[in-house]
Amino acid sequence: MKNYNFLSVILLGITLASCNETKKGENTLFAFDNSKFKEQYKPQEALSLDILNSNSKTIDSVIYYVNDKKIGSKKGVDKLTFELKDQKLGYQNLKALVYYEGQNSEATARVELVSDIQPKLLKYTIVNTYPHDIQAYTQGLEFYRDTLYEGTGNGSGNSTGIKGISSLRKTNYKTGEVYKKVELADKYFGEGITILNNKIYQLTWQNNEGYVYNADTFKKEKTFTYFKPIEGWGLTNDGKYLYQSDGTEKIWIIDPTTFKEVDYLNVYSFETKIKAVNELEWIDGKIYGNVYQKDAIAVINPKNGAVEAIINLADLKKKITQLPDTDVLNGIAYNPKTKTIFVTGKNWNKMFEIKVSE
């Protein structure tokens, strides 16, 4: 394990992917030749797909699929070579549809594609320090038209017995003053927010629903249901689609009109999955993501899910007042006007404006 990968394990708390998870063929007639598979592959490698015909059937042809997408076909038992360079990271579900003697049968297997990028450790400097509402259990943070918007959760009430109230806020980031606020009912735990086309999108944690507000009036215009039963964690957008995390290694790409799944990413730091990616921010074509319970931000390539860099912000927690409800680092907002990033945490009394460099 190289130095940067070791660092990423420490900062992001990665659980190493378990080995020997290649899925065996699910029928007795045909199977992939698993002896030719490795436990993990890198994007510059290729798969050699070969079918075992232990029953000596007469095979007419084989159609091969990866993640349910057809990648090619072969006559008889000729092997197929498949380049992995354009595949998203994560498990590659392999399927061979074998046609033989007027019939057909499937063989399946699974291999894991991991990142070949060693994450860089980025530096940062604190530009300014601002007050932050200690009752704000920060779940989402985003600049829009030079104004800071914040989504909060119910909080935990550690040592106080007083839980916060989930909300959507428009704030003065320099003073901490809340210009406008709407609160959610107690049964809803507010999560990530993002703003697209003058609409604010807000998630809830375990209610399987989110909300769309008018960014000017805060009037709720729509309640939407998630495309599948998942938890709502972080939220950002690339100007066209929403990107939603759910507490796993996945980031879902969502259509902001239909709220249906467009695609997804699996987040990997070198050879290991990054789970619990939380608050998200889109910055210069990359996804910046807090990792829950870790004082670090992962810089993620949205094309394949690879963590390209890490920002270690552990020292920031030493600069805030430790209050009974003080919780973990969470909240990333990029101000395109100043080209700086604003970060805070759950029930933190401070917000930090930082400038990141290599």
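For the single chain, residues carry numbers from 1 onward in sequence order.
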Check: Does the side-chain contact (heavy atoms from CB on, under 4.5 Å) test come out yes or no for L316 and I126, once each step is laid out?
Finding: CA-CA 9 Å; L316 292 185; I126 299 174; 3.7 Å; yes
Next item on the list: Under the side-chain contact (heavy atoms from CB on, under 4.5 Å) rule, what do L49 and T81 come out as? Steps first, then yes or no, please.
Entry: CA-CA 6 Å; L49 302 180; T81 301; over 6 Å; no
Notebook entry, point to check: Given I283 and I341, is the side-chain contact (heavy atoms from CB on, under 4.5 Å) satisfied, shown in steps?
Noted result: CA-CA 9 Å; I283 304 176; I341 300 172; 3.8 Å; yes
Next item on the list: Give the C-alpha distance, both sets of side-chain angles, the deciding distance and a yes or no for side chain to side chain donor-acceptor pair (under 3.5 Å) between N172 and Y179.
Entry: CA-CA 7 Å; N172 181 331; Y179 291 138; 3.0 Å; yes
Next item on the list: Apply the test side-chain contact (heavy atoms from CB on, under 4.5 Å) to residues D33 and I51: give CA-CA distance (whole Å), side-chain angles for both, the deciding distance (0.1 Å), then the verdict.
Entry: CA-CA 6 Å; D33 186 353; I51 293 296; over 6 Å; no
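No continuous path of ILVMFWY side-chain contacts below 4.5 Å connects L323 to V343, so the two sit in separate hydrophobic clusters. Hydrophobic clustering, with ILVMFWY side chains joined whenever heavy atoms are under 4.5 angstrom apart, groups V182 together with Y144. The same ILVMFWY cluster, assembled from side-chain heavy atoms under 4.5 Å apart, contains both Y268 and V111. W252 and L265 sit in two unconnected hydrophobic clusters of ILVMFWY residues. Membership requires side-chain heavy atoms under 4.5 Å apart, directly or through other members. Linking Ile, Leu, Val, Met, Phe, Trp and Tyr residues whenever their side-chain heavy atoms come within less than 4.5 Å leaves L203 and I251 in two separate clusters.
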Can you give me every donor-acceptor pair (side chain of residues 351-358, partner residue at least two apart or in another chain, under 3.5 Å) with its distance?
unit_1: E353; atom_1: OE1; unit_2: N128; atom_2: ND2; d: 2.9
unit_1: E353; atom_1: OE1; unit_2: Y130; atom_2: OH; d: 3.0
unit_1: E353; atom_1: OE2; unit_2: T340; atom_2: OG1; d: 2.7
unit_1: E358; atom_1: OE2; unit_2: K120; atom_2: NZ; d: 3.0

Side-chain atoms of residues 82-89: list all donor-acceptor pairs with protein atoms under 3.5 Å, sequence neighbours left out, distances to 0.1 Å.
unit_1: Q87; atom_1: NE2; unit_2: Q92; atom_2: OE1; d: 2.9
unit_1: K88; atom_1: NZ; unit_2: D263; atom_2: OD1; d: 2.5
unit_1: K88; atom_1: NZ; unit_2: Y264; atom_2: O; d: 3.3

Quiz: residues 221-238 side-chain donor-acceptor pairs under 3.5 angstrom, not counting sequence neighbours:
unit_1: E221; atom_1: OE1; unit_2: K199; atom_2: NZ; d: 2.6
unit_1: E221; atom_1: OE2; unit_2: K199; atom_2: NZ; d: 3.3
unit_1: Y226; atom_1: OH; unit_2: T204; atom_2: N; d: 3.0
unit_1: Y226; atom_1: OH; unit_2: T204; atom_2: O; d: 2.6
unit_1: Y226; atom_1: OH; unit_2: E209; atom_2: O; d: 3.1
unit_1: E231; atom_1: OE1; unit_2: W205; atom_2: NE1; d: 3.1
unit_1: E231; atom_1: OE1; unit_2: W233; atom_2: NE1; d: 2.9
unit_1: E231; atom_1: OE2; unit_2: Q206; atom_2: NE2; d: 3.1
unit_1: T236; atom_1: OG1; unit_2: W282; atom_2: N; d: 3.0
unit_1: N237; atom_1: OD1; unit_2: G239; atom_2: N; d: 2.9
unit_1: N237; atom_1: ND2; unit_2: T194; atom_2: OG1; d: 2.8
unit_1: N237; atom_1: ND2; unit_2: I195; atom_2: O; d: 3.0
unit_1: D238; atom_1: OD1; unit_2: K240; atom_2: N; d: 2.8
unit_1: D238; atom_1: OD1; unit_2: Y241; atom_2: N; d: 2.7
unit_1: D238; atom_1: OD2; unit_2: Y243; atom_2: OH; d: 2.9

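In this view, N266 and K250 satisfy the side-chain hydrogen bond (donor to acceptor under 3.5 Å, both in side chains) rule, not counting sequence neighbours. Residues meeting the side chain to side chain contact (heavy atoms under 4.5 Å, CB included) test with T217, sequence neighbours left out: N214, K219. Among residues two or more places apart in sequence or in another chain, the salt bridge (charged side-chain N to carboxylate O under 4.0 Å, His left out) test is passed with D216 by R145. Residues satisfying the side chain to side chain contact (heavy atoms under 4.5 Å, CB included) criterion with T257, sequence neighbours excluded, are D255. The salt bridge (charged side-chain N to carboxylate O under 4.0 Å, His left out) search around K181 returns E183, not counting sequence neighbours. Every residue was checked against the ring pair (Phe, Tyr, Trp, His ring centres under 6.0 Å) condition with Y213, not counting sequence neighbours, and none meets it. Listed by chain and residue number, K286 satisfy the salt bridge (charged side-chain N to carboxylate O under 4.0 Å, His left out) test with E308 (two or more places apart in sequence, or in another chain).
Distance alone, capped at 3.5 Å, is enough to place a donor-acceptor pair between the N330 side chain and the T138 backbone. N290 places a side-chain N or O within donor-acceptor distance of the main-chain N or O of G331, the cut-off being under 3.5 Å. Side-chain atoms of E150 do not come within 3.5 Å of backbone N or O of K170 as any donor-acceptor pair. A donor-acceptor pair under 3.5 Å links the side-chain atoms of S166 to the main chain of G190, judged by distance alone. Proximity of a side-chain donor or acceptor of T152 to a complementary backbone N or O of S167 within less than 3.5 Å is detected. Panel note: side chain S245, backbone N278; a donor-acceptor pair is recorded below 3.5 Å. Proximity of a side-chain donor or acceptor of T108 to a complementary backbone N or O of L94 within less than 3.5 Å is not detected. Using modelled atom types, no side-chain atom of D146 and backbone atom of K337 make a donor-acceptor pair closer than 3.5 Å. Between the side chain of E112 and the backbone N or O of Y91 there is no donor-acceptor pair closer than 3.5 Å. For E45 (side chain) and K42 (main-chain N/O), a donor-acceptor pair under 3.5 Å exists by modelled atom type.
With respect to R169 and D133, a salt bridge is recorded, a charged nitrogen being found less than 4.0 Å from a carboxylate O. Checked for salt-bridge contact, K317 and D295 miss the test: no charged N lies under 4.0 Å from a carboxylate O.
Defined by atom type and a distance below 3.5 Å, a donor-acceptor pair is present between the side-chain atoms of N349 and T321. A donor and an acceptor atom, one from each side chain of D327 and N347, are nowhere located under 3.5 Å apart.
With a 4.5 Å cut-off on side-chain heavy atoms, I300 and Y288 do not count as touching. Looking at E191 and Q202, their side chains never come closer than 4.5 Å, going by heavy atoms from C-beta outward. Contact check for V262 versus I254: no side-chain heavy atoms found under the 4.5 Å cut-off. Contact of the L141 side chain with the I332 side chain is not registered, since no non-hydrogen atoms from C-beta on lie closer than 4.5 Å. Using a 4.5 Å heavy-atom threshold, the side chains of E271 and Q40 count as touching. Using a 4.5 Å heavy-atom cutoff, the side chains of I274 and V307 are in contact. Under the 4.5 Å side-chain criterion, counting only non-hydrogen atoms from C-beta, V328 is not in contact with W348. Looking at heavy atoms from C-beta onward, N154 lies out of side-chain contact with D186 at the 4.5 angstrom threshold.
If you chain together ILVMFWY residues whose side-chain heavy atoms come under 4.5 Å of each other, I117 ends up in a group of its own.
Relative to the six-membered ring of Y292, K294 misses at least one condition, a distance below 6.0 Å or an angle of at most 45° to the axis.
The aromatic rings of Y173 and F342 sit perpendicular, their planes meeting at an angle over 60°, well past the 30° parallel limit.
The distance from the CD atom of E142 to the CD1 atom of I193 is 6.0 Å, given to the nearest 0.5 Å. Between atom OH of residue Y99 and atom CG of residue N104 there is a gap of 5.5 Å, rounded to the nearest 0.5 Å.
Between K36 and Y41, the shortest heavy-atom distance links the atoms O-OH, 3.5 Å.
Residue pairs satisfying the ring pair (Phe, Tyr, Trp, His ring centres under 6.0 Å) criterion with at least one member in residues 42-66, sequence neighbours excluded, are absent.
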